[in-house]
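In what follows, every heavy atom counts, from backbone to side chain, and hydrogens, waters and symmetry copies are set aside. No experiment lies behind these values; they were computed from the predicted model shown.
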Amino acid sequence: MARFGIETQKAFGVGNTMLRPFARSLGRDHVRAQDLWQTGWREARLLALFTEEPARVSPSQAWQMAEEFNSWEVVDHAADLFVDAGHLDELVTELAADDREFVRRTAFAMIAWGAVHLKKRDDADFTGLLPLIEAHATDPRNFVKKAVNWALRQIGKRSLTCHGPALALADKLASSDDKTARWIGKNALKELSDPKRIAMIGKKKTAANR
């Protein structure tokens, strides 16, 4: 786990392949999830995220959790929960503005998750987030730059409507004087300009593609 950048100071070493089925057997419970989170242990916190009731997660609870983020693994699962709870619009900009590495990562992990799973949202809701991606594309910290890149790629793969603006931003970043922005742009450009990838995007059953 440590090799992959996962915080192991308070971890039992149980993998997600065991935690996920166990979480399904437990079912969802908001109070229990809060209690599990408060323990501070990695596995308990992941179970909390897997078994929380999204409809009962408030923005203030999300912020309280974000204050304690210390691992990209927990961040990414929490980001999924926050999106499922309906807080994409309310939280993303504020989380991105926070200078703490894992808090900022949360914003872009939320964008990446939302671009894939919020299929009923207008594409404009995601292309409208491209300026936020551009604004933070120069943050050189590993867990931020990878999440920014992830968000850009997922927006670009959402639909043909999203693909063009995302590809244009990737191309712009690829020629940036900033090393981090250049890496983000080139990496995204490679995927989004691939003919096979573009064909796959065109086959998606989205309102824009129809």
Side-chain angles (χ1 to χ4, degrees), residues 1-59 61-88 91-92 95-96 98 100-119 139-158 183-184 187-188 190-191 197 200:
M1 288 180 182
R3 275 203 315 274
F4 289 99
I6 295 173
E7 175 58 48
T8 59
Q9 188 173 0
K10 291 191 72 174
F12 296 107
V14 181
N16 285 347
T17 54
M18 296 182 68
L19 290 176
R20 282 287 193 181
F22 182 51
R24 286 194 291 271
S25 74
L26 291 176
R28 295 189 178 276
D29 187 298
H30 177 63
V31 175
R32 184 187 61 217
Q34 289 184 306
D35 289 342
L36 285 168
W37 181 266
Q38 291 301 323
T39 69
W41 285 87
R42 168 191 171 267
E43 288 79 1
R45 288 194 159 179
L46 289 176
L47 285 174
L49 296 170
F50 297 157
T51 62
E52 177 61 275
E53 299 176 63
R56 298 185 65 182
V57 176
S58 66
Q61 180 186 337
W63 266 110
Q64 289 170 6
M65 295 168 72
E67 293 282 344
E68 301 178 16
F69 287 161
N70 63 353
S71 171
W72 66 265
E73 178 191 34
V74 171
V75 165
D76 292 358
H77 290 302
D80 300 351
L81 174 63
F82 298 165
V83 171
D84 293 344
H87 302 317
L88 180 75
L91 292 179
V92 161
L95 288 168
D98 193 297
R100 287 169 290 185
E101 183 173 11
F102 290 116
V103 177
R104 183 167 290 169
R105 179 185 174 89
T106 308
F108 296 99
M110 286 179 69
I111 294 172
W113 179 264
V116 175
H117 295 278
L118 298 182
K119 299 183 185 299
D139 189 325
R141 292 173 294 182
N142 185 53
F143 295 116
V144 175
K145 74 176 185 179
K146 287 186 175 180
V148 171
N149 171 263
W150 181 23
L152 177 57
R153 289 185 292 106
Q154 294 302 82
I155 290 176
K157 292 185 290 183
R158 178 179 169 85
W183 175 84
I184 290 171
N187 185 276
K190 181 179 180 180
E191 182 172 11
R197 174 64 63 183
M200 290 174 62

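- A heavy-atom distance below 4.5 Å is not found between the side chains of L95 and F108.
- Shown here for P140 and K145, the closest heavy-atom pair between the two residues is O-CD, 3.9 Å.
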Test side chain to side chain contact (heavy atoms under 4.5 Å, CB included) applied to H77 and N16, step by step: CA-CA 11 Å; H77 290 302; N16 285 347; 3.7 Å; yes
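- Listed by chain and number, the residues in a side-chain contact (heavy atoms from CB on, under 4.5 Å) with D29 are V31, R32 (sequence neighbours excluded).
- Relative orientation of the F143 and W72 rings is parallel, given thresholds of 30° and 60° on the angle between their planes.
- Looking at every heavy atom in both residues, A79 comes nearest to A109 through CB-CB, 3.6 Å.
- Counting only distance, with no hydrogens or angles, the side chain of E53 and the backbone of H30 share a donor-acceptor pair below 3.5 Å.
- The shortest non-hydrogen separation linking P59 to H87 is CD-CE1, 3.5 Å.
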Residue pair V74, W37: steps toward the side chain to side chain contact (heavy atoms under 4.5 Å, CB included) verdict: CA-CA 11 Å; V74 171; W37 181 266; 3.7 Å; yes
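- Between the CZ atom in R42 and the CG atom in L46 there is a gap of 5.0 Å [rounded to 0.5 Å].
- Between the side chain of E43 and the backbone N or O of A11, no donor-acceptor pair lies under 3.5 Å.
- Interatomic distance, T106 OG1 to W113 CH2, rounded to the nearest 0.5 Å: 14.5 Å.
- From L49, atom CG reaches atom CG of D84 across 11.0 Å, with rounding to the nearest 0.5 Å.
- Residues A66 and V103 share a closest heavy-atom pair of O-CG2, 3.5 Å.
- Each of D98, D76, D139 was compared with R105 under the salt bridge (charged side-chain N to carboxylate O under 4.0 Å, His left out) criterion, and only D76 meets it.
- With R45 as the fixed residue, the side-chain hydrogen bond (donor to acceptor under 3.5 Å, both in side chains) test singles out one of E68, E73, Q38: E68.
- Note that the CG atom of L88 and the CG atom of L118 stand 6.5 Å from one another [nearest 0.5 Å].
- By the 30° and 60° cut-offs, the orientation of the rings of F69 relative to F82 is parallel.
- Put simply, CG on N70 and CD on Q9 are 8.0 Å apart, with the number rounded to the nearest 0.5 Å.
- The pair E191-R153 meets the salt-bridge criterion, since a charged nitrogen lies less than 4.0 angstrom from a carboxylate oxygen.
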Verdict with supporting geometry, Q34 and Q61, side chain to side chain contact (heavy atoms under 4.5 Å, CB included): CA-CA 9 Å; Q34 289 184 306; Q61 180 186 337; 3.9 Å; yes
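- Here the closest non-hydrogen pair linking A85 and P54 is CB-O, 3.2 Å.
- Side-chain contact between I111 and W150 is absent, with no heavy-atom pair separated by less than 4.5 Å.
- Atom NZ of K10 has more than 12 neighbouring heavy atoms from other residues, nucleotides or ligands inside a 6.0 Å radius.
- Nearest heavy-atom pair across R141 and R100 is NH1-C, 4.0 Å.
- Rounded to the nearest 0.5 Å, atoms CG (L81) and CE (M110) are 9.0 Å apart.
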Test side chain to side chain contact (heavy atoms under 4.5 Å, CB included) applied to H117 and V83, step by step: CA-CA 9 Å; H117 295 278; V83 171; 5.9 Å; no
